[in-house]
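This report concerns only the one structure given below.
Whatever order the structure lists them in is the order used to number ligands and atoms, beginning at 1. Any value given below was found using the heavy atoms of this structure, including those in side chains, with hydrogens, waters and symmetry copies removed.
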Amino acid sequence: MCKVIKQLYAQKGLATFTEREDAARFFGNRDLWESFIHPEDKPAFAKAQYQLEKGKTIRQQYRIYTKAGEMKWLKGRCIPTLDENGKLVRIDGIIEDITAEKKYMDQIEYLATHDYVTNLPNRRKFERELKTFIRQMKKDRGSLAVFHLGLNRFKEINDTLGHDVGDCLLQCIASRLKKFVTPDVMLARVGEDELAICFLSLAHINECQKLAAALFQEIEKGITIDDFSLYVTATIGISIYPHDGEDVKTLLTNANLAMRRAKEIGRSDWQLYSPLMDSETYKSYHLEKGLRNALLQDEFFIEYQPKVHTNSREIDSIEALIRWNHPEWGRVSPENFIPLAEETHLIIELGDWVIENVCKQLQQWKSQGLQTVPVSINVSSKHLLKRGFVEHVQQTLAHYNIDPSFIEFEVTESSIIQYEEHVKKVMDELKKIGVTFALDDFGTGFSSLSHLKDFEFNTLKIDKTFILHATDKGKQQAITKSILYLAHALNMKVIAEGVETKEQLAFLQKHECSFIQGYIISQPAAPQKIAEYLKRRFL
Ligand code: C2E
Ligand code: MG
Ligand code: MG
């Protein structure tokens with residue numbers, strides 16, 4: 001015992017023990033040492049003492065308060081000696097003051113776990129603490145919410161006003177949000193323009209709305225930095241433990257997914273994670289449901305847009321364009337639902353529906369005594385490749401008594417490139433029975449016309465973006481001219497899409513583009529209107 005005290009006595013840092021009478025007080029009273037120990041470290045210290053009594057060598061680190069009230073970190077190694085009865089009779093050991101080392105380590109730990117711009121915990125710390133929180137919630141059978149908050153337009157501010165302004169902005173927002181931090185709320189910066197907040201012991205999911213509103217309110221208050229008045233908005237995605245995930249990774253991923261989803265729908269809003277959001281599933285769920293329903297509820301209809309001879313304006317043919325009239329969303333553009341229908345395989349059912357309805361329409365016009373013209377139908381390569389496509393088309397045509405030469409399929413170059421050989425085979429079979437093919441949106445893909453000539457398209461449709469810029473005397477004009485030149489050389493019928501102005505028309509006339517389609521002649525129109533056109537023949 002005496003030896004231990006002597007060693008203690010020699011330790012630098014324990015300044016107040018330097019007086020002999022103080023040191024002497026430790027001789028008979030082992031508990032006196034314990035009274036200096038930091039309350040939080042007392043249980044571990046007591047445990048170690050117990051080991052010592054059992055004869056085990058111990059190593060430990062703990063804090064003490066000196067008489068002057070200063071906190072010190074100590075590192076000790078003690079070796080006990082027991083007598084033949086197993087009684088502790090002597091302890092040899094070394095105790096070291098490691099306060100400076102600890103401070104240094106703390107600094108390193110702080111730097112490794114905090115963001116230096118905002119001084120907020122970083123992602124690493126957030127994840128670590130979240131793990132502890134989850135453990136606690138599991139024990140308490142409680143819920144917690146992870147908010148993933150993205151600052152909108154932050155990157156633009158950073159790029160246009162500089163990083164100093166961007167940093168100030170972040171600091172300002174961080175300090176505003178710090179007021180939410182309590183022992184039950186953790187705030188961290190987890191990305192360049194992203195913060196994460198964890199709210200512990202959530203009573204009800206409804207609380208999330210209030211919390212999100214409070215966060216938005218703080219963020220959206222105007223900020224003035226240097227001479228700039230900035231207005232920032234945020235988007236929040238939320239995931240809930242245990243509902244949306246039971247571990248750190250899942251909760252963070254899902255909150256992030258919900259945030260991205262909220263951004264897609266419209267910025268500065270919040271969104272709770274939904275398991276259906278897992279990208280593909282979410283999209284297909286809503287749209288497939290909507291599209292399927294639309295087929296059942298007759299929400300689709302077809303409009304027709306005439307294509308005319310450039311000089312005489314006589315109707316040459318018409319294009320069938322699908323329309324979706326959604327009961328809540330109103331008119332949904334095919335640009336939006338066609339790509340999704342392609343992803344969900346519904347494009348096949350949709351395509352069949354269009355083919356059938358076009359044939360029915362042609363039959364109706366015929367029965368009204370009108371002189372019909374060929375109708376072109378946009379078809380996806382996925383549909384074209386569906387086994388039995390050729391037979392199905394043949395059967396439909398036969399059923400409505402339609403001459404195959406009255407049907408033209410429009411395909412885009414990008415859609416055929418992937419399955420060239422197979423597409424070509426199907427095209428050849430259909431061409432054999434008299435159906436024709438047009439290459440739609442030409443110029444928007446990557447293939448060359450010389451490559452595409454192997455498909456032997458009857459018609460080539462120059463994409464509307466080229467027509468839009470055809471009169472601009474730039475690269476686009478040069479491309480348009482050369483497409484026309486090449487198509488003539490290859491003996492293809494050329495149609496310019498999206499002709500809107502007289503200037504565009506004049507340009508196309510001058511360069512001998514034989515057919516045009518566009519608002520200048522007619523917008524896509526209902527069948528009754530087309531019936532009138534067919535009577536007039538010239539538009
Ligand atoms: P597309 O086949 O290239 O059709 C031409 C698009 O340009 C149509 O858009 C048409 O309304 C529009 N348009 C026509 N004239 C003008 C004009 O003068 N100016 C401008 N700015 N636009 C004009 P829409 O109806 O929105 O269709 C978009 C695309 O959706 C179509 O492009 C086609 O690829 C696809 N689509 C439409 N109906 C069907 C269908 O039944 N099946 C499939 N698979 N795709 C379809
Ligand atoms: Mg088309
Ligand atoms: Mg087109």
(message) Name the residue from K425, K432, K424 that meets the side chain to side chain donor-acceptor pair (under 3.5 Å) definition with D428.
(response)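 Result: among K425, K432, K424, K424 is the only option passing the side chain to side chain donor-acceptor pair (under 3.5 Å) with D428.
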
(request) Identify which one of E497, K307, K464, Q305 satisfies the side chain to side chain donor-acceptor pair (under 3.5 Å) criterion when paired with Q517. (result)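 Only one of E497, K307, K464, Q305 forms a side chain to side chain donor-acceptor pair (under 3.5 Å) with Q517, namely Q305.
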
Side-chain donor-acceptor pair under 3.5 Å between [X] and [Y], yes or no?
X	Y	value
H383	D352	yes
T459	E408	yes
Y304	Q361	no
N256	T253	no
N293	E299	no
E410	S376	yes
T250	D247	yes
T235	N152	yes

Counting non-hydrogen protein atoms only, what is the nearest one to [atom]? Give residue, atom name and distance.
atom	answer
atom 26 (O) of ligand 1	P334 CG, 3.4 Å
atom 18 (O) of ligand 1	Y519 N, 2.8 Å
atom 20 (C) of ligand 1	E500 OE2, 3.2 Å
atom 10 (C) of ligand 1	L321 CD1, 3.8 Å

(message) Restricting to N, O or S atoms, which atom of D441 is closest to the Mg ion (ligand 3)?
(response)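 The atom in question is OD1.
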
(message) Which atom name does E497 have for its N/O/S atom nearest to the Mg ion (ligand 3)?
(response)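 Result: OE2.
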
(request) Please check if a non-hydrogen protein atom sits closer than 4.0 Å to atom 4 (O) of ligand 1. (result)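 There is a protein heavy atom less than 4.0 Å from atom 4 (O) of ligand 1.
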
(request) Give a yes or no on whether atom 32 (O) of ligand 1 lies under 4.0 Å from any heavy atom of the protein. (result)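 It does not; no protein heavy atom is within 4.0 Å.
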
Out of all atoms in ligand 1, which are within 4.0 Å of some heavy atom of [X]? Include the element for each.
X	value
G518	15 (N), 18 (O)
G498	16 (C), 17 (C), 18 (O), 19 (N)
Q305	14 (C), 15 (N)
D441	3 (O)
R323	11 (O), 24 (P), 25 (O)
D440	1 (P), 2 (O), 3 (O)

Specify side chain, backbone, both or neither for [X], according to which of its non-hydrogen atoms lie closer than 4.0 Å to ligand 1.
X	result
K461	neither
N378	both
K464	side chain
T412	neither
E319	side chain
V354	side chain
Q517	neither

Considering only N, O or S atoms of [X], the one closest to the Mg ion (ligand 2):
X	result
D440	OD2
E410	OE1
E319	OE2

(message) Within this structure, what is the NZ-CD distance for the pair K386 and E349, rounded to the nearest 0.5 Å?
(response)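 Reported to 0.5 Å precision, the distance equals 9.0 Å.
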
(message) With rounding to the nearest 0.5 angstrom, report the CD1 to NZ distance, I520 to K502.
(response)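 Here the interatomic distance stands at 7.5 Å.
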
(request) Determine whether any heavy atom of E342 lies closer than 4.0 Å to an atom of ligand 1. (result)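 The answer is no, since E342 has no heavy atom less than 4.0 Å from ligand 1.
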
(message) Just to check, does P524 reach to within less than 4.0 Å of ligand 1 when the distance is taken from its heavy atoms?
(response)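 Yes, P524 has a heavy atom closer than 4.0 Å to ligand 1.
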
(message) Looking at every heavy atom in both A188 and N122, which two are closest together, and how far apart are they?
(response)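 Closest heavy-atom pair between A188 and N122: CB-O, 4.0 Å.
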
(message) Main chain of L251, side chain of S239: is a donor-acceptor contact present, judged purely on distance under 3.5 Å?
(response)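 Yes: the side chain of S239 pairs with the backbone of L251.
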
(message) With respect to I322, determine whether any N or O atom, backbone or side chain, lies less than 3.5 Å from an N or O atom of ligand 1.
(response)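 Such a contact does occur with ligand 1.
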
(message) Looking only at distances, can you tell me whether any N or O atom of S333, backbone or side chain, sits closer than 3.5 Å to an N or O atom of ligand 1?
(response)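 For ligand 1, there is no N or O atom that lies under 3.5 Å from one belonging to S333.
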
(message) Within 2.8 Å of the Mg ion (ligand 2), is there any N, O or S atom belonging to S376?
(response)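 Under 2.8 Å: S376 has no N, O or S contact with the Mg ion (ligand 2).
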
(request) May I ask you to test the H326-R331 pair for a side-chain heavy-atom distance under 4.5 Å? (result)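 Not in contact.
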
(request) For atom 29 (C) of ligand 1, state which one of K307, E335, K382 supplies the nearest heavy atom. (result)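 Result: the heavy atom closest to atom 29 (C) of ligand 1 is in E335.
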
(request) Please work out whether the ring planes of F199 and F147 are parallel, tilted or perpendicular, with thresholds of 30° and 60°. (result)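 The arrangement is perpendicular - the two ring planes meet at more than 60°.
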
(request) Could you walk me through whether D193 and K155 pass the salt bridge (Lys or Arg N to Asp or Glu O under 4.0 Å) test, one step at a time? (result) CA-CA 7 Å; D193 53 359; K155 285 193 177 82; 3.4 Å; yes

